[in-house]
Amino acid sequence: MNTVLIYVLVGVISATVALCTYILIRKIVLKGQKEAIIKKAEIEAESIKKEKIFQAKEKFLQLKSEHEQFINEKNKHISDIENRLKQKENSLNQQNAELGRKNKEADAIRENLKSQVEIVSKKSEEYDRLREQAIRQIEEIAGMTAAEAKNQLMENMKEEAKTQAQSYINDVIDEARLTASKEAKRIVINTIQRTASETAIENAVTVFHIESDEIKGRIIGREGRNIRALEAATGVEIVVDDTPEAILLSAFDPVRREVARLALHQLVVDGRIHPARIEEVVAKVQKQLEDEIMETGKRTCIDLGIHGMHIELVKLIGRMKYRSSYGQNLLQHAREVANICATMASELGLNPKLAKRAGLLHDIGKVSDEDPELPHAILGMKLAEKYKEKPEICNAIGSHHEEVEMTSIISPLVMVGDAISGARPGARREVIESYIKRLKDMENIAQSYNGVTKTYAIQAGRELRVIVGADQVTDQDAETLSAEIAKKIQDEMVYPGQVKITVIRETRSVAFAK
């Protein structure tokens with residue numbers, strides 16, 4: 001047991017001695033390494049220090065060189081300035097010397113001039129004395145004073161000047177007349193050439209095309225009730241004959257024909273054709289046509305570059321599309337006159353926009369329903385005044401047929417433009433215009449009676465259909481009314497053949513089942 005303990009103690013002591021020896025050796029090795037690292041670091045620090053000192057010296061030398069160069073440039077610039085100042089100083093000294101010399105010369109000249117002025121003054125006095133002496137001698141010889149001679153000379157010169165001036169004025173007037181005539185012809189010819197348009201003559205018949213002749217029977221209806229309802233609602237004569245795949249719509253009013261055409265189109269497409277549906281479609285088409293008229297007026301104003309016009313005038317312009325003047329489409333005529341007026345105004349140095357506006361509006365009296373007894377020019381002028389158009393435009397509208405005095409510079413342009421547009425070969429037809437006027441007069445005569453709601457002249461004026469209100473006119477009154485209208489037409493109008501007066505009185509009873 002003691003031996004084992006001794007072995008253990010010896011082992012422990014040996015391990016302890018070995019550990020202490022290892023620690024001692026480790027410290028000695030670490031100390032050597034530390035000293036080597038410190039020495040290496042000191043060497044590197046010394047190297048870096050020397051490198052930085054070298055870089056600093058190089059930077060210093062560079063800055064020193066730049067500074068010396070800057071100083072040299074400044075010194076050179078200052079030297080140049082000093083040289084220029086010296087040159088200017090020398091120049092000023094020379095100029096001062098030159099001025100001193102010139103002042104001396106000027107003083108000498110001044111003294112010389114004084115002496116010459118004194119000589120001239122003495123000679124002037126001598127000249128005045130001799131002149132007065134000569135004038136007195138001339139007056140004694142002529143027997144009149146200088147003032148009288150002067151007045152006589154002035155009178156003679158005045159007479160001679162008047163004669164020459166009058167001759168010159170006459171020459172100028174003759175030349176101006178010749179030039180004005182040539183210039184006016186040139187402007188009118190250029191205007192006609194620049195605004196030339198195709199001739200379009202409307203008639204009083206519209207052809208409505210259908211896909212097959214079977215539709216004709218549906219349009220006529222049982223015992224002709226559909227076609228009668230359509231004619232009564234639109235005021236258009238509907239001719240259904242042997243013409244293949246076509247129905248003729250006859251009326252002097254283009255608006256009525258267009259309403260009838262559109263209504264027939266919708267009825268044929270829809271397929272439901274009966275009196276109640278016809279009246280509904282016609283009312284709807286009339287509303288659509290009013291919208292189209294407004295759109296046409298707006299588009300016309302935009303195309304011509306006219307802005308700020310009253311909405312009612314725009315509507316009247318749109319209605320021109322469905323009106324004609326002696327067979328010439330009224331809207332086309334108005335646009336043509338507007339362009340002609342604008343062209344001539346530009347050639348004459350006037351306001352082309354004002355002239356174009358007056359030309360477009362000059363015939364609005366023809367499409368208005370107000371006060372039909374007035375001439376269309378006067379009515380158009382009143383409408384323009386009502387809707388706040390400028391006085392120059394109103395006067396141009398009212399005077400384009402010389403029914404009022406021209407007070408505006410553009411009034412003659414509108415009159416000439418209207419004549420140019422309407423006088424083109426083929427532009428108008430007198431026969432159609434007189435025919436349309438006769439039909440309108442016939443309708444107006446019937447419309448003047450009490451109880452009449454609608455009047456339609458159909459069959460080229462050979463028949464006048466008068467629709468009366470059932471609550472205002474009795475059956476007996478209807479017979480009397482037809483005779484009175486026939487007598488008045490016979491007394492007041494001239495027409496070929498005979499006119500049939502048909503008074504229509506309908507009574508309708510409507511009830512709703514709920």
Side-chain angles (χ1 to χ4, degrees), residues 201-206 231-238 248-261 286 289-290 293 315-334 362-380 382-383 401 403 422 428-468 481-482 484-504:
I201 301 176
E202 295 191 1
N203 51 36
V205 176
T206 298
E231 288 180 343
T234 60
V236 174
E237 180 184 3
I238 300 176
L248 299 182
L249 308 177
S250 176
F252 70 91
D253 190 341
V255 177
R256 294 182 190 172
R257 293 203 309 272
E258 185 67 10
V259 170
R261 187 187 70 81
Q286 287 174 343
L289 194 59
E290 287 295 325
I293 286 172
K315 187 184 295 183
L316 291 174
I317 292 171
R319 292 182 64 181
M320 289 182 182
K321 179 181 178 182
Y322 303 99
R323 291 289 187 273
S324 61
S325 176
Y326 295 96
Q328 184 182 26
N329 182 270
L330 200 56
L331 180 59
Q332 180 184 350
H333 169 64
H362 81 284
D363 268 348
I364 56 172
K366 288 186 177 181
V367 295
S368 175
D369 297 329
E370 299 180 9
D371 204 353
E373 300 299 326
L374 284 176
H376 76 273
I378 305 298
L379 180 56
K382 291 184 177 296
L383 288 171
H401 285 313
E403 289 165 331
R428 293 185 172 184
R429 292 190 300 182
E430 297 287 341
V431 176
I432 287 188
E433 183 65 19
S434 60
Y435 157 73
I436 292 175
K437 185 176 184 304
R438 186 177 77 247
L439 297 188
K440 285 185 177 180
D441 292 342
M442 191 182 298
E443 288 186 350
N444 291 335
I445 288 174
Q447 193 73 42
S448 63
Y449 286 89
N450 294 329
V452 176
T453 57
K454 295 180 182 178
T455 57
Y456 300 117
I458 60 176
Q459 294 186 3
R462 293 190 297 272
E463 181 179 354
L464 177 64
R465 292 188 180 179
V466 182
I467 300 175
V468 297
L481 182 62
S482 62
E484 291 179 356
I485 294 175
K487 186 175 184 308
K488 191 169 183 179
I489 291 175
Q490 183 175 347
D491 293 341
E492 297 183 3
M493 296 187 64
V494 177
Y495 50 89
Q498 62 182 10
V499 180
K500 177 183 177 182
I501 312 299
T502 303
V503 178
I504 301 174

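Here the closest heavy-atom approach between residue I485 and residue Y449 is recorded as CG1-CE1, 3.6 Å. Summarising the geometry of V468 relative to L481, their closest heavy-atom pair is CG1-CD2, 3.6 Å, with the distance given to 0.1 Å. For I364 against L383, the heavy-atom pair with the smallest separation is CD1-CB, 4.1 Å. Smallest separation of non-hydrogen atoms from A446 and T455: CB-CG2, 3.6 Å. Closest non-hydrogen pair, M442 versus I489, comes out as CG-CD1, 3.7 Å. When every heavy atom of E403 is checked against every heavy atom of P375, the shortest pair comes out as OE2-CB, 3.4 Å.
V466 pairs in a side-chain contact (heavy atoms from CB on, under 4.5 Å) with only one of the listed residues (T502, T453, V452, I504), which is V452. Exactly one of L330, L316, L379 qualifies for a side-chain contact (heavy atoms from CB on, under 4.5 Å) with K366. That residue is L330.
Between L249 and R256, the closest side-chain pair of non-hydrogen atoms is not below 4.5 Å. Contact check for T234 versus Y456: no side-chain heavy atoms found under the 4.5 Å cut-off. H376 is listed as a side-chain neighbour of D363, based on a closest heavy-atom distance under 4.5 Å. By the 4.5 Å heavy-atom criterion applied to side chains, R465 and E231 are counted as neighbours.
Ring centroid separation for the pair H362 and H401 does not come in under the 6.0 Å cut-off.
A 6.0 Å sphere centred on NZ of K488 holds more than 12 heavy atoms belonging to other residues, nucleotides or ligands. In D491, the CG atom is crowded: over 12 heavy atoms of neighbouring residues, nucleotides or ligands sit closer than 6.0 Å.
A salt bridge is defined here as a Lys NZ or Arg NE, NH1 or NH2 lying under 4.0 Å from an Asp or Glu carboxylate O, and E443 with K440 fails to meet this definition.
Between the CG atom in L289 and the NZ atom in K321 there is a gap of 8.5 Å [rounded to 0.5 Å].
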